[in-house]
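Have a look at the structure below before the remarks.
The figures that follow rest on heavy atoms only: side chains count, while hydrogens, waters and symmetry mates do not. By convention here, the first residue in the shown sequence is residue 1. Since we're looking at a predicted model, the values are computed, not measured.
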Amino acid sequence: MKIVIPGGSGQVGAVLKRAFEQKGHDVLILSRSKEDHSSTLLWDGRTLGDWTRAIDGADVVINLAGRTVNCRYTAENLKQMLDSRVDSTRVVGQAIAQSKRPPPLWLQMSTATIYAHRFDAPNDESGPLGGREPGVPDYWKRSIDIALAWERELNDASTPHTRKIALRTAMVMCPSPGGVFDVLLRLVRFRLGGNIAGGAQYMSWIHDQDFVRAVEFLIQRKDLSGAINICAPNPLPQRDFMQEMRKAWGTSIGLPASKWMIEIGAFVLRTDTELLLKSRRVIPGCLSAAGFSFNFPTWSMAAADLTSRWR
């Protein structure tokens, strides 16, 4: 297959590129910086250009473009998060629409953050999307608004010959440096990986190998479209999540952190508390109903494998 990955220069793009190339597929990355001239094309994520020739005749487009959410949620950063997602989705749709041979499948990255902050029940694809959530800062709604606008741009794209899927993705756990697993494991290694603000908030996640397998599954299953949750079937509270990480690493010590400590730490690290405090309890309803089988359905299994690979 010929697979084009706009915004594929980050960790998730690298995971997909490596896996697809190992199976003999031709992978092309669209990036704002040209790091590898042999497999990367320049684009700005906003306007049509020479890169559109790569879309024409491709078998699959997987759009991962979007500014990182690991930042302070200032007005300017939130605007950049919104614009980078909406603009890139719009221009990918335009490129597909003008193609003489439009790709049969467009996989568009989305986020599990689109669902409501909740503790009582898991969210499958029919679960309530977030709105104004009681008991949390008002600005958390901006993340949900961005996610809704992101998917709306995908749905509005006029691509009648292309199947479209919004990948409502949880945290992709990969042992590579700089990713979320690497950051969390660093806390565990320094005996800081304890409960955060009580630890009742749920964490949804997916092992990197299951993420790749889920994408491959969706490519093959031509009957599936729309919004699909890409996550493991067993989300768990943050306190249990970190306990399993400590067990996998081989330590029983993990100092807890109160909410005010997290607020100070987030300010120092130039990130936002929503990433740690929002309860994301998401399950893969469509994948499970379609018969997808996870190699790492539980976090204990995934943490043991990821820790071993990290070492």
Supply the atom-to-atom distance [X] [atom1] to [Y] [atom2], rounded to the nearest 0.5 angstrom.
X    : Y    : atom1 : atom2 : result
I55  : R53  : CD1   : CZ    : 12.5 Å
R281 : L236 : CZ    : CG    : 10.0 Å
L306 : S176 : CG    : OG    : 10.0 Å

Are any side-chain N or O atoms of [X] and backbone N or O atoms of [Y], one a donor and one an acceptor, separated by less than 3.5 Å?
X    : Y    : answer
S279 : R118 : yes
N295 : D210 : no
D44  : R46  : yes
T52  : G49  : yes
K17  : V27  : no

Salt bridge (Lys or Arg N to Asp or Glu O under 4.0 Å) assessment of R168 paired with E151: CA-CA 9 Å; R168 290 180 175 171; E151 291 194 6; 2.7 Å; yes
Crowding at CZ, R101 (>12 non-hydrogen neighbours, <6.0 Å):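 Count not over threshold, so no.
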Neighbour count above 12 (heavy atom, 6.0 Å) for D50 CG: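 For D50, atom CG is not crowded (no more than 12 foreign heavy atoms under 6.0 Å).
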All pairs passing ring pair (Phe, Tyr, Trp, His ring centres under 6.0 Å) where residues 273-309 contributes a residue, at least two apart: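 Every ring pair (Phe, Tyr, Trp, His ring centres under 6.0 Å) pair that includes a residue of residues 273-309, provided the two are not neighbours, is W205-W299, H207-F296, F217-F292, F241-W299, F292-F294.
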Intermediate values then yes/no, side-chain contact (heavy atoms from CB on, under 4.5 Å), W150 and M109: CA-CA 9 Å; W150 204 2; M109 181 61 81; 3.9 Å; yes
Pairs involving residues 2-13, ordered by first then second residue, that meet salt bridge (Lys or Arg N to Asp or Glu O under 4.0 Å) (sequence neighbours left out):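 Sorted pair list comes back empty.
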Ring centroid separation F119 to H117 under 6.0 Å: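 Yes.
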